[in-house]
K.L.:
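Before we start, here is the structure in question, set down as structure tokens.
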Amino acid sequence: MVTGKPRLASIATPTRTYTLTDAVAAQRQLTSRDMQLLSLLAAHHVLTSPQIAALLFASENVARKRLAKLTTRGVLARFRHCPGPGSIPWRYTLGPLGAMIVAADRDRRTIPTPSKTQERMLRISRSQNLDHLLGINEFFSRLGLHARNNDECVLREWWNEPKTAEYCAGIVRPDSYGEWEENGVALEFFLEFDNGTEKIDDVTAKLERYRELARAGMNVPILFVFAHPRRHTHFHRQLAADAHLSAGLSVASATAIDITEHGPAGPVWHPATHSVPRRLTDLAQQPAARRTAA
């Protein structure tokens, strides 16, 4: 029996040496949508082809063709793991030219070399945190797709963990921060994505740090997404058994399965103190779901 981390089935990164002149020439061929994609990858590190299609393209087929072209040009890089070609979608990161373009566009003093970009992509592809990161990005890509398909919905903010931790002054480190608006109802939230690598006791212990954040003046809903339904059940049992865990906070949770089936904006959210699932914007009506200071 073979154990351990799955080996890379395929990896696609250009091998030639690129210069800033190449980056300038490549940028002239990019569309505004391409630039949006580079910005997303710079912030969130890795996205699958279906996630990119959900966020930016009319269909997965159109997305795959454009992504393949950008990879060939050196703007993007991609990888996927065994078993078998085509068994899972490509994971895309910034390629050497893409990384140069982003750095220049943001007036960074240091422009990454192709070798540094290659090293970064390899670290991401082998990271034990990869599934967790893709789970977070899957949530937001589905939320973004819902907004694209519904004129009354807007995904206003989607922050990565470092930016969110800075926003929280290091008191707590949510996986992400988001701002959602639907039919004129706005909601700020922190996201915690659970893929089963921590004990449930450690997951619920995070709520004390959120309570400290609330005492500092920032009290917005905390959304927990569980990759495994059994973990979701255990989480709610703990909250029901100890009311202090969620006291003074707006806490709601959902399973990744329900989000896939009904969408993250739909009635999939189980508040800590209610048995009936609610829509995402319903959480904005909770008394504790309010930021009292910036």
Side-chain angles (χ1 to χ4, degrees), residues 29-71 75-76 78 88-94 98 101-102 105 132-161 163-164 174-193 220-221 223 225 227 252 254-269 277-285:
Q29 301 179 52
L30 299 183
T31 66
S32 59
R33 183 174 59 189
D34 294 335
M35 292 301 295
Q36 280 183 274
L37 174 57
L38 295 188
S39 180
L40 284 169
L41 288 173
H44 305 294
H45 307 300
V46 58
L47 292 164
T48 66
S49 48
Q51 289 170 356
I52 294 170
L55 289 163
L56 297 172
F57 287 85
S59 71
E60 285 193 37
N61 185 51
V62 174
R64 282 193 294 268
K65 290 178 180 179
R66 185 59 179 171
L67 295 174
K69 184 173 291 187
L70 292 174
T71 302
V75 176
L76 302 180
R78 65 184 186 180
I88 63 171
W90 286 104
R91 284 88 163 96
Y92 284 87
T93 67
L94 291 176
I101 291 167
V102 168
D105 192 55
H132 181 256
L133 182 57
L134 288 173
I136 297 166
N137 295 350
E138 179 69 13
F139 170 85
F140 279 98
S141 66
R142 288 184 178 275
L143 202 55
L145 177 61
H146 186 82
R148 294 183 67 208
N149 291 334
N150 295 273
D151 292 338
E152 71 277 10
C153 299
V154 184
L155 177 58
R156 297 203 175 280
E157 295 290 349
W158 168 17
W159 296 357
N160 60 24
E161 181 184 341
K163 184 174 181 178
T164 306
D175 289 325
S176 191
Y177 167 86
E179 292 182 11
W180 176 250
E181 184 175 326
E182 183 173 349
N183 291 319
V185 178
L187 172 73
E188 299 175 86
F189 63 87
F190 294 118
L191 180 72
E192 293 281 353
F193 184 85
V220 301
L223 308 183
V225 176
T255 66
I257 292 173
D258 284 342
I259 287 175
T260 299
E261 184 175 353
H262 302 290
V268 299
W269 298 101
R278 299 188 174 188
R279 294 184 61 82
L280 183 57
T281 49
D282 291 340
L283 304 178
Q285 300 170 10

K.L.:
Are any side-chain N or O atoms of R148 and backbone N or O atoms of F57, one a donor and one an acceptor, separated by less than 3.5 Å?
P.N.:
yes
K.L.:
Is the shortest side-chain heavy-atom distance between P221 and L187 below 4.5 Å?
P.N.:
yes
K.L.:
Looking at A63 and A53, what are the two nearest heavy atoms and their distance?
P.N.:
CB-CB, 3.7 Å
K.L.:
Please give me the minimum heavy-atom distance between G144 and L55, naming the atom from each residue.
P.N.:
CA-CD2, 4.2 Å
K.L.:
Do you know the tightest heavy-atom contact between A256 and A227?
P.N.:
CB-CA, 4.0 Å
K.L.:
Treating D34 as the side-chain partner and T31 as the backbone partner, does any N or O pair qualify as donor plus acceptor under 3.5 Å?
P.N.:
yes
K.L.:
I want to check something: taking the side chain as every heavy atom from C-beta on, are L37 and L76 in contact at a cut-off of under 4.5 Å?
P.N.:
yes
K.L.:
Among E179, E188, E181, which residue satisfies the side chain to side chain donor-acceptor pair (under 3.5 Å) criterion with R156?
P.N.:
E181
K.L.:
Less than 4.5 Å apart, side chain to side chain, heavy atoms only: is that true for L133 and H45?
P.N.:
yes
K.L.:
Answer whether the closest heavy-atom distance between the side chains of D105 and L38 falls below 4.5 Å.
P.N.:
no
K.L.:
Taking the side chain as every heavy atom from C-beta outward, state whether Y177 and E157 have any pair of such atoms under 4.5 Å apart.
P.N.:
yes
K.L.:
Do T164 and L191 come close enough that some side-chain heavy atom pair is under 4.5 Å?
P.N.:
no
K.L.:
Just by distance, do the side chain of S176 and the backbone of W159 share a donor-acceptor pair under 3.5 Å?
P.N.:
yes
K.L.:
Side chains of D175 and H132: any donor to acceptor distance under 3.5 Å?
P.N.:
yes
K.L.:
Looking at T260, is its backbone amide N or carbonyl O close enough to the side chain of E138 to form a donor-acceptor pair, meaning the two atoms are under 3.5 Å apart?
P.N.:
no
K.L.:
Report the distance from atom OG of S49 to atom CZ of R66, rounding to the nearest 0.5 Å.
P.N.:
15.5 Å
K.L.:
Would you call the rings of W269 and F139 parallel, tilted or perpendicular, taking 30° and 60° as the class edges?
P.N.:
perpendicular
K.L.:
Let me see the working for N183 and T281 under side chain to side chain contact (heavy atoms under 4.5 Å, CB included), right down to the final yes or no.
P.N.:
CA-CA 9 Å; N183 291 319; T281 49; over 6 Å; no
K.L.:
Backbone N or O of P89 within a donor-acceptor pair of the R91 side chain at under 3.5 Å?
P.N.:
yes
K.L.:
So, taking the atom named CG in N137 and the one named CZ in R142, what distance separates them when rounded to the nearest 0.5 Å?
P.N.:
13.0 Å
K.L.:
Is the closest side-chain heavy-atom distance between F140 and P264 below 4.5 Å?
P.N.:
no
K.L.:
Side chain of N150, backbone of H146: donor and acceptor closer than 3.5 Å?
P.N.:
yes
K.L.:
Taking S39 for its side chain and Q36 for its backbone only, find out whether a donor-acceptor pair lies under 3.5 Å.
P.N.:
no
K.L.:
So Y92 and I52, side chain to side chain contact (heavy atoms under 4.5 Å, CB included) or not? Walk me through it.
P.N.:
CA-CA 9 Å; Y92 284 87; I52 294 170; 3.9 Å; yes
K.L.:
How close do E182 and C153 get, counting heavy atoms only, and between which atoms?
P.N.:
CG-SG, 3.5 Å
K.L.:
Is there side-chain contact between W180 and V154, with at least one heavy-atom pair below 4.5 Å?
P.N.:
no
K.L.:
Is it the case that over 12 heavy atoms from other parts of the model lie below 6.0 angstrom from the CG atom of N149?
P.N.:
yes
K.L.:
Of the non-hydrogen atoms in V268 and D258, which two are nearest, and what is the gap between them?
P.N.:
CG1-O, 3.7 Å
K.L.:
If you look at every heavy atom in P174 and E161, which pair is closest and at what distance?
P.N.:
O-CG, 3.4 Å
K.L.:
Applying ring pair (Phe, Tyr, Trp, His ring centres under 6.0 Å), can you list everything that pairs with H44, at least two apart in sequence or on another chain?
P.N.:
W158
K.L.:
Can you list the steps and then say if L143 with L280 is a side chain to side chain contact (heavy atoms under 4.5 Å, CB included)?
P.N.:
CA-CA 10 Å; L143 202 55; L280 183 57; 4.0 Å; yes
